[in-house]
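Report on one structure; see the data block that follows.
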Amino acid sequence: GQWPPPMAPLQSSAAAHDAAGAEWARMPPRTLANTACAMLGLEPTGTLSKDVESCVTACTEAYGDDGAMPGSGLVARLLHVMHTITVARDQAAREGVARAQTDADRERAALAAAEADTARRADASPRTARELRELDSSDALFRTCALQRLCSVPRLDSPSAIFQHGRLYTGPMLPPACTWSSTRKLAHRLGGAAGAMTERMDAGQSPGGARSPHQASTWLTASEYQDHPGVCASKLDHLVRLLKASRRTVVYTGAGLLAADSSAEGRALEREAHFKKRGRRPAAAHHALVRLYELGLVHIWVQTGHDGLAQKAGFPQPATLEPCGSWFDPSNPVVKPGGVSRARERAWLAREAEQADLVLALGAPFHFGADVADCLITRAAERSTCGDASGCLGAVVLGLQQTASDADLTLRVFGTPNELLPALVAALGDSVPVASLQPISWAHVPSMVLLPYTADGSRMVGGEGAPRMYLDLRPNAPVRVLEHNCQGARHPAYMHIGAQPCQRFRGRELGARADPGGGYVRHRSPDGSWFTLIIEDAIMSIGAWWLEAAAAGELPSLPIVNKHARFEGERPPAGPPIETTAVGERARAEPLSEDAGDADDWRGAGGECELALLRESEALTVASGGDAGEGGWG
């Protein structure tokens, strides 16, 4: 700015000095320093403390203490300004030291809590499933207090201290560390309130259909976060109490739960896998969730992915809900954009949204279009604010990124599920080493079993002595898919299955087949976990876990049956000899080794014909406008 006009030289009279002193006292420090520099012919440096010090030195040398009138003159005023600056600087330094000490004490307390928690877990004796299922008085009291707190804190504001921790969290308030920063905004697809979501589900609209992504909040970016170890241990303690107090826990996951595997097992898997996707092995998070189910703390698994990793890890098929389709269920193929989920899955999902007492969401499946199941989170958050008998414990999210629902969550834990869930199982005092578990070996399920079902795939009612039906999945056995969703899913590879006469899709006529839904079994996978089917010249698969659940009569209906049903007491279906038709006890598979077989070892006899058939089907689908992307072949 422009300097003030120069003032007259200092006078020696006392009156003149008194008038000047009054004028100096009225000036702000910065104006005083600029005026003094102009009078003394000094160049301002822009720093108040340096300018004042230079002016005091120059004024003292030019006029002396007597001429400057100490106490009322320029030197006295400048010295006062210097004293004020020094006091403010010292105060700021003391406050900074105090803040650093407080942060250090808080971090030491969090670390001490984490060490104490680790020691407690090491001393904890393994608990049985029955002990974990039974709620003691402390768990019942915790549930009552949790419902009251959730009712009193219906929603969090983004500036609040517990926004990144959850409405029920009461531990250390250290914010999570940003492990990867991004400015890219995330467009979430939460379709507003759970009521609107339920209306879309009732109308049969697709999870991948026409949707308008809503712009998320300004704070919602793709950045990733990690909780402090002490905070993470405290949150896991909260989650343990929630799981033990919950009456019905529903797990919600997507395809992002599986981590990339660059180990020797992963490289061996790439050499063995049929289409590579179907041969994926479950991660530590899958095994941890199976262990929580075995302990009675998890009841339903809603999986919007298609890879069947939950069942491969050992989660039972009757408790697995796959609203977006599966690679291993020929009656429920992968739902493509513009398609619609099967009515059975939609009704089941709507029931779970109303009956779930606690929803545990892993990763961020609700960021990327799996909004058919987002009602689980939104509805649980709404019901947690009721405060009456219809209330619930709300929703908990474990993942690296923030979500649009963070303000409504009961608990928010930042981290990878493959690290958090094994730690959660350990916090329960369980002695099973989750990280070392292997997938289920499906060798105990024979290729032909006796099932308590009728020829149309429905479960037998009453009469234990009624003859059971054979389900033959040996190579070349004729089969038929029942009550499928091939038309509703709008998958380009399966649109011809169940098509009507003169029906067209993407500019080509599909045409009705003489044997709708009919086909045969091609072969069984190397590890025995699935069967490859050829249904109306399309390649499909069915998991061996379907046979295990059907043998126990746990399924309401079968996805496939043989074309010509045979029952117990009749002559068994013709084909290669089989040792037994009874399902045995489960066992774990052996770890994959570095020296696994070559890429062609899994095909066996007729493998080249199989490979040629796959390539021909791919060429036909691509030529007809299909795609071979995620879930491209079922």
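- Contact annotation: the side chain of Leu168 approaches that of Leu242 to within less than 4.5 Å [non-hydrogen atoms, C-beta and beyond].
- Heavy-atom minimum distance, Pro439 versus Arg281: CD-NH2, 3.4 Å.
- With a 4.5 Å cut-off on side-chain heavy atoms, Cys178 and Glu224 do not count as touching.
- Closest approach of Phe142 and Arg241 over heavy atoms only: CB-NH2, 3.2 Å.
- Judged as a side chain to side chain contact (heavy atoms under 4.5 Å, CB included), and not counting sequence neighbours, the contacts of Leu321 are Val302, Pro323, Glu345, Trp348, Leu349.
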| said: I'd like to know whether Ser384 forms a side chain to side chain contact (heavy atoms under 4.5 Å, CB included) with Arg167, so could you lay out the CA-CA distance, the side-chain angles of the two residues, the decisive distance to 0.1 Å, and finally the verdict. | reply: CA-CA 10 Å; Ser384 67; Arg167 295 153 54 202; 3.1 Å; yes
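- Taking each heavy atom of Val434 and Ala288 in turn, the nearest pair found is CG1-N, 3.5 Å.
- In this structure Ala313 satisfies the side chain to side chain contact (heavy atoms under 4.5 Å, CB included) test together with Pro282, His286, His287, Val290, sequence neighbours excluded.
- Distance check: His238 NE2 to Ser234 OG gives 5.0 Å after rounding to the nearest 0.5 Å.
- Looking at Leu411, Val231, Leu156 one by one, the single match for side chain to side chain contact (heavy atoms under 4.5 Å, CB included) with His165 turns out to be Val231.
- Taken from SG in Cys375 to CD in Glu352, the straight-line distance is 10.5 Å, to the nearest 0.5 Å.
- Looking at Arg155 and Thr385, their side chains never bring a donor and an acceptor atom within 3.5 Å of each other.
- When side chains are defined from C-beta on, Leu362 does not count as touching Tyr252, because their heavy atoms never get closer than 4.5 Å.
- The two residues Leu147 and Cys392 make their nearest non-hydrogen contact at CD2-O, 3.3 Å.
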| query | Which is it for Arg291 and Glu294 under the side chain to side chain contact (heavy atoms under 4.5 Å, CB included) test, yes or no, and what are the steps along the way? | reply | CA-CA 5 Å; Arg291 188 57 186 156; Glu294 294 171 350; 2.9 Å; yes
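- Between the side chain of Asp51 and the backbone N or O of Pro44, no donor-acceptor pair lies under 3.5 Å.
- The backbone N or O of Ser182 sits less than 3.5 Å from a side-chain atom of Ser223, completing a donor-acceptor pair.
- Inter-residue side-chain proximity for Ile162 and Thr170 is flagged as unmet; no heavy-atom pair is nearer than 4.5 Å.
- Between Ala283 and Asn418, the shortest heavy-atom contact is CB-OD1, 3.4 Å.
- Within the 4.5 Å cutoff, no side-chain heavy atoms of Val359 are placed close to those of Arg379.
- Rounded to the nearest 0.5 angstrom, Leu393 CG and Leu360 CG are separated by 12.0 Å.
- Of the possible polar contacts, none joining the Asp227 side chain to the Val413 backbone as a donor-acceptor pair under 3.5 Å is found.
- Around the OH atom of Tyr293, the shell of radius 6.0 Å holds no more than 12 heavy atoms that belong to other residues, nucleotides or ligands.
- A distance of 12.0 Å separates OG1 in Thr253 from CG in Leu398, rounded to the nearest 0.5 Å.
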| side chain to side chain contact (heavy atoms under 4.5 Å, CB included) between Leu420 and Cys232: does it pass, once the steps are laid out? | CA-CA 9 Å; Leu420 294 174; Cys232 183; 3.4 Å; yes
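- A heavy-atom distance below 4.5 Å is found between the side chains of Thr320 and Glu322.
- Distance CG/Leu424 to NZ/Lys235: 14.0 Å, rounded to 0.5 Å.
- Contact between Pro154 and Asp408 at its shortest, heavy atoms only, is O-OD1, 4.3 Å.
- Between the side chains of Ser54 and Thr57, no donor-acceptor pair is found at a separation under 3.5 Å.
- Considering only heavy atoms from C-beta on, Trp301 stays 4.5 Å or farther from Val250 through its side chain.
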| message | Using side chain to side chain contact (heavy atoms under 4.5 Å, CB included), reason through Leu297 and Thr249 one step at a time and then give a plain yes or no. | response | CA-CA 7 Å; Leu297 300 177; Thr249 301; 5.9 Å; no
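- Partners of Asp406 according to the side chain to side chain contact (heavy atoms under 4.5 Å, CB included) rule, which considers only residues two or more places apart in sequence or in another chain, are Phe163, Trp219, Gln402, Thr403, Leu409, Arg412, Phe414.
- Taking CG from Leu289 and CD from Gln303, the interatomic distance works out to 10.0 Å, rounded to the nearest 0.5 Å.
- Taking 4.5 Å as the limit, every side-chain heavy atom of Leu243 sits out of range of all side-chain heavy atoms of Val240.
- Counting only distance, with no hydrogens or angles, the side chain of Asp357 and the backbone of Arg247 share a donor-acceptor pair below 3.5 Å.
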